[in-house]
Asks: 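Below you'll find the structure I mean.
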Amino acid sequence: MKHTISILVENNAGVLARISGLFARRGYNIHSLAVGVTDNDKISRITIVAEGSDYTLEQIEKQLNKLIDVIKVRSLPADKLLARELVLVKVCCKPAERSELIDIAEITTAKISDVSQETMTLELSGNQYNIATFEELLRPYKIIEIVRTGTVAMQKGSEGLRV
Amino acid sequence: MSHRITVAEALVKCLEAEGISTIFGYPGAAICPFYDKLADSKIKHILVRHEANAGHAASGFARLSGKPAVCVATSGPGATNLITAIATAYMDSIPIVAITGQVSTEQIGRDVFQEADITGATEPFVKHSYLIKNAELVPEIVKKAFYIAGSGRPGPVLLDIPYDIQQQFIDFKYPENVEINSYRPTYEGNKLQIKRAAEAIKTAKKPLICAGGGLFTANARDLVQSIAEKANIPVICTMMGVSLMPSDHPLFLGMVGMHGCSAANCAISECDLLILLGARVGDRAVTAIKERDDFKVIHIDIDPAEIGKNLPVNIPVVGDLKAVLAQLSEIIEKCDNTEWVKKCRSERICLTATENENKIGLNPAAFLEKLSNLLPEKCVVSADVGQNQIWTASCLKLNGGRFITSGGMGTMGYSVPAAIGAKSAAPDAEVIAICGDGSFQMQFMELATMIQHGINVKVIVMANNRLGMVREVQANNYENKLVAVFLDGSPDFVKLADAYGIKGEYVNNISEAETALKNLINSDKPYILQVKVDENEKSIL
Ligand SMILES: Cc1ncc(C[n+]2csc(CCOP(=O)(O)OP(=O)(O)O)c2C)c(N)n1
């Protein structure tokens, strides 16, 4: 099963190494990992999507909590998950094909971020399913380059994860 | 009040403020600024002969003093030599603060002479570590290091301090308190859970306490005994818990596990309530019980991550054992488990140590029985790893003394440096290291440390001319195909000790044991016994 885990950490040197080391060492599989500073520049927020049983998840949470720099760990409930990732896709695009791609962008709510004589770069943020569909739609146009961020997520509703 | 001093001097002052009287170390260029200031302090520095032993000695010291102890090494090879000791302390939850020199900050990352990424290398087995890049933060970081090492579930903390940082001037003021937002160990146990535990104990027919090293950390030996007595519950221990209760206590059954005694193993496979106290249910300790599902488990531990990790738990209690057991003992009721206790005790076969037939040397059990009878109440026995460790842990009877060993990591070469540390922390205690002829050769350089610093540690070498425990594995699992377990070429250990100015003698059979042991214990200087043991002797006697 996939779990989405939010971690608030002290923004200290080496904290990411400790966390990724812990996952590697204990054999927990990471699907994606995203890090960014919060509104408090001393605190970063890490989102990890990991694979494992409920036992594994409990262990991950407990072991993360043991790290001195980890302030809070929360596994986000699947039914209240607000998850987003961002993808940039550069595809081959002759001037004649532009209108087709503009249509796709419009339907999928993607943005056109860059255009050249031969290419077009589209940008979409969404959940993993939106992004997978988007990729499928673009595949016929020969993808030159693709880059995806890891998932960032929070819980829906009024509750907030803060220090 | 603050005045400007170098970080090196500040470090020494921090250690003084922490009440550190003795540190163990080995210098080198990158840590020289610190040593330069250490010379002006009252702190006693014990020069070991290998950095790993500085770490083990600090571990022995910490186990006896109950407080974090300090070891020091230089950058690069000095630091990497410390790694095994740090990992050993981590596995046994021993509070040590390791200080290493590092190359200057502007050189870090360039592979300069004697640079090693020691915070990176030790990341998996430190409780925490700091590579200090801001001189002004040193006092606060040192305070945090001691706090982290010694609180909650204790463990090693590493301070890696670059050469240039050691020489910078700072305003020195040692903080009185330190708060770490992200680190708040739970000490008080949850009242409701403790009540549930008390009820489970009341209704159980065959309750059993299994106690581990956490009881020493929490200083809760007395409480376990009084709870066991009040509710009439038999007690077994893990290797880390050996010596927590007097061996001849009527409720004490012995050590559990792969190498444990039958009374303890029978009890654990029959109990209907297992009360785990400060034990992490290591794979070698509790195997038999994992296949059963007809019993309940209460697990009390300060580290929530240990609860449910290796064994499903019905009643978890997170907290400091001393606090939790104190709460528990208030509400626990008198129980009648007479039949159960009687049954457990009936399995307690006395190892009647007889003289070996057709064997060379002596029976280790008989030897350890003699040692047990001669030991003063205030004593520390430090066992190494291998057969000598199993014999000592299972046969030695301690009534009041303390047993220490490398339980989690099984690090050969631990016993002598750990004994040096223990003796430094408890100078009044009789301190004896017991090791094999293999492990002794990983640590005999420390005989010099004993002599140089007048540390009166006694050493018993159980000499079977084999890496005994590995030989046994090969005998049992590899059709007795013995490979790389012969210790031919080993020196005469009594002569070796003599070269250091240490007296000793040979014990070739049991009739020589008593006199030799008396000489050992009565000596007011280090003393060594080379004890002959049959090469085919088994671990479980
Ligand atoms: C540093 C280290 N290396 C290797 C081992 C594997 N090992 C475990 S027991 C043992 C044999 C120990 O031999 P000795 O010290 O002579 O003790 P004995 O078993 O004969 O009592 C070995 C090699 C270990 N535990 N630690």
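Order of the sequence lines sets the chain letters (A, B, ...), proteins ahead of strands, with each chain counted from 1.
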Asks: First locate atom OH of B/Y183, then atom CG of A/N65, and finally report the distance between them rounded to the nearest 0.5 Å.
Replies: 12.5 Å

Asks: What option among A/V163, A/L8, A/I71 has the most heavy-atom pairs under 4.5 Å with chain B?
Replies: A/I71

Asks: Could you check which of B/G120, B/P124, B/P185 has the highest count of heavy-atom pairs closer than 4.5 Å to chain A?
Replies: B/P124

Asks: Please determine if A/R25 and B/E123 form a salt bridge, counting it only when a charged side-chain N lies under 4.0 Å from a carboxylate O.
Replies: yes

Asks: Heavy-atom count around A/K62 NZ within 6.0 Å, excluding the residue itself: above 12?
Replies: yes

Asks: Between atom NE2 of B/H128 and atom CZ of A/R18, what is the distance when rounded to the nearest 0.5 Å?
Replies: 4.5 Å

Asks: Checking B/S129 against chain A: side chain, backbone, both or neither under 4.5 Å from a heavy atom?
Replies: both

Asks: Any chance NZ of B/K296 has more than 12 other-residue heavy atoms, nucleotides or ligands included, within less than 6.0 Å?
Replies: no

Asks: For A/E58 and B/K309, run side chain to side chain contact (heavy atoms under 4.5 Å, CB included): C-alpha distance rounded to whole Å, both residues' side-chain angles, the deciding distance at 0.1 Å, then the answer.
Replies: CA-CA 9 Å; A/E58 188 186 325; B/K309 186 171 92 181; over 6 Å; no

Asks: Looking at A/K66 and B/D303, would you say the former's side chain and the latter's main chain have a donor-acceptor pair under 3.5 Å?
Replies: no

Asks: For B/R184, is it the side chain, the backbone, both or neither that has a heavy atom under 4.5 Å from a heavy atom of chain A?
Replies: neither

Asks: For the CD atom on B/E179, are there more than 12 heavy atoms of other groups (residues, nucleotides or ligands in this structure) within a distance under 6.0 Å?
Replies: no

Asks: Above 12 or not: heavy atoms from other molecules or residues under 6.0 Å from CZ of A/R162?
Replies: no

Asks: Do A/E10 and B/I180 have side chains that get closer than 4.5 Å, going by heavy atoms?
Replies: no

